[in-house]
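In what follows, a single structure is set out as structure tokens and then discussed.
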There are 2 protein chains.
Amino acid sequence: MNFKESLIKHFKFTEEEWQLSQPFFHSEELTAKQYFLEAGKVSDKIAVVESGLLRTFFFNENGDEITTQFFVPGTLVISSASFNRQIPAKENIITIEPSKLIVFTHKNMQELIKAVPVWQQIPLAASEFKNRQKEKRIIELQTLSAKERYVKFLEKYPQVCRSATVGQIASYLGIDIATLSRIRSKI
Amino acid sequence: MNFKESLIKHFKFTEEEWQLSQPFFHSEELTAKQYFLEAGKVSDKIAVVESGLLRTFFFNENGDEITTQFFVPGTLVISSASFNRQIPAKENIITIEPSKLIVFTHKNMQELIKAVPVWQQIPLAASEFKNRQKEKRIIELQTLSAKERYVKFLEKYPQVCRSATVGQIASYLGIDIATLSRIRSKI
DNA sequence: TGGATTGTTTGACAATTGTCAAAAAAATTA
DNA sequence: TAATTTTTTTGACAATTGTCAAACAATCCA
């Protein structure tokens, strides 16, 4: 299901509303390892992934990269804190693979909501969806062993396992890279 | 800062808007260990904590209670999944101490938004706030050792440490109860 | 009050996970 | 392609965390 179809399905967009909306967003293609957002800058855009793969990361006090999110096709790429409050981002968002995105700038998003009222409901729905995702992730980190977390990750993100490095996945799961390598060798 | 003051400060409520809003919510006092929401039921209300302490928990496959959130004064008590989508809750919300709550029913909340438009912005703001909270919690679970998580918890929730049991805090931090007891004895 | 229940601590030990270093493999680029 | 860089794996070992069981302490009511 692509972006248009899911708007029609989940938010009852009409064909007309879809047509009216189009001028307010655009497509962008990023090559591998290109930044969508850099730490320290104010995020002025969000995007829906059409194809490819992205991740969010920051540097911890030891200078190690900590990956906190992966963005697969169909998901919303956003730094909530930076985009919603227009403050500098603490994290980076970068492509892992070449990716095609549907991009909404902060300004266009505001105008789109005014121009096509059905969009009013989207930010809350998106925020609540992210909330439910994070809640699941919290419970996994809270209750599962390293091996169990990896097994669930494999099930949920089989594509990511092919493109992301062991180091990226390890930091996402809160496991040491050598430990994850051993877990993988036993599966 | 109480509930009224924070609406005025963060959402620019006028005295009149506050007065108009009052008929749409009410105060409730719960004794210790009283349920605010039971797993399996559809949540029909949310609340702001005036005083006291609550927690969310569910049972894992071994039948152990897993505490996933604590609600201190000033915070919003909600099961997002159940309240927003009106589906049965997977988790319980229960008081730890006797608590005083400002309660909004699902029906009243809808009417309040219609009657006093300044409320329109609240659900999104609340959802985004919860998102930022959860993001912080994820990073703590992902990057900190058991001891570090407990130290941060102590700083953030000194009140909770006094009322909650070691078992509740341990499950919240994803630590075995005996291990947390040992960590505590060394601080 | 006293008995029962619930919660906490502790010991002995086991399992899991992390650290450091080096080797092997894979990816990048000159 | 060859050289360089990055990533992954592996070994030896250490530290952290979990398990099971028992003792101890605190709380709850009858």
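Lettering of chains follows the sequences in order, A, B, ..., and the numbering in each one begins at 1. Atom set for the values below is all heavy atoms of this structure, side chains included, hydrogens, waters and symmetry mates excluded.
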The contact string for nucleotides 14-20 of chain C, one letter per nucleotide 5' to 3', using protein heavy atoms under 4.0 Å with B, S and - for base, sugar-phosphate only and none, comes out as ---SBB-

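Every side chain to side chain contact (heavy atoms under 4.5 Å, CB included) that A:T143 has, sequence neighbours left out, goes to A:I139, B:I66. B:T75 pairs by the side chain to side chain contact (heavy atoms under 4.5 Å, CB included) definition with B:V49, B:F71, B:V72, not counting sequence neighbours. Taking A:E17 as the reference, A:T14 meet the side-chain hydrogen bond (donor to acceptor under 3.5 Å, both in side chains) condition, with sequence neighbours excluded. In this structure B:N131 satisfies the side chain to side chain contact (heavy atoms under 4.5 Å, CB included) test together with A:S127, A:K130, A:N131, A:K134, B:S127, sequence neighbours excluded. B:F25 is linked by a ring pair (Phe, Tyr, Trp, His ring centres under 6.0 Å) to B:F3, B:W18, B:F104, counting only residues two or more places apart in sequence or in another chain. For the side chain to side chain contact (heavy atoms under 4.5 Å, CB included) test, residues two or more places apart in sequence or in another chain that qualify with A:R184 are A:Y150, A:V166, A:L180.
Residue pairs satisfying the ring pair (Phe, Tyr, Trp, His ring centres under 6.0 Å) criterion with at least one member in residues 163-187 of chain B, sequence neighbours excluded, are listed as follows: B:F70-B:Y172, B:F153-B:Y172.
Regarding contacts with the backbone of D:dT8, every side-chain N or O of A:R184 stays at 4.0 angstrom or more from both OP1 and OP2.
A:K156 has no carboxylate O lying under 4.0 Å from a charged side-chain N of A:E140, or vice versa, which leaves the two without a salt bridge. Using a 4.0 Å cut-off between charged side-chain N and carboxylate O, A:E135 and A:R132 make no salt bridge.
If one axis is set at each end of the helix from C:dT1-D:dA30 to C:dA30-D:dT1 from five pairs, those axes are 50° apart, to 10°.
Hydrophobic clustering, with ILVMFWY side chains joined whenever heavy atoms are under 4.5 angstrom apart, keeps A:I46 apart from A:L30. Tracing side-chain contacts under 4.5 Å through hydrophobic residues (I, L, V, M, F, W, Y), one reaches A:F11 starting from A:V116; they form part of the same cluster.
In this structure, CG of B:D64 is placed 15 Å from P of C:dT6, rounded to the nearest angstrom.
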Throw together a table of side-chain donor-acceptor distances under 3.5 angstrom for residues 90-97 of chain B, partners on residues two or more places apart or in other chains.
unit_1: B:E91; atom_1: OE2; unit_2: B:S79; atom_2: OG; d: 3.0
unit_1: B:N92; atom_1: OD1; unit_2: B:A39; atom_2: N; d: 3.0
unit_1: B:N92; atom_1: ND2; unit_2: B:F57; atom_2: O; d: 3.3
unit_1: B:T95; atom_1: OG1; unit_2: B:T31; atom_2: O; d: 2.6
unit_1: B:T95; atom_1: OG1; unit_2: B:K33; atom_2: N; d: 2.9
unit_1: B:T95; atom_1: OG1; unit_2: B:Q34; atom_2: N; d: 2.8
unit_1: B:T95; atom_1: OG1; unit_2: B:Q34; atom_2: O; d: 3.3
unit_1: B:E97; atom_1: OE2; unit_2: B:S163; atom_2: OG; d: 2.3

Atom pairs, protein N/O to nucleotides 23-30 of chain D N/O, distance under 3.5 Å:
none

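Side-chain atoms of B:Q142 and A:R137 include a donor-acceptor pair closer than 3.5 Å.
Taking every heavy atom of residues 161-173 of chain B and every atom of DNA chain C, pairs under 4.0 Å involve B:T165, B:V166, B:G167, by number.
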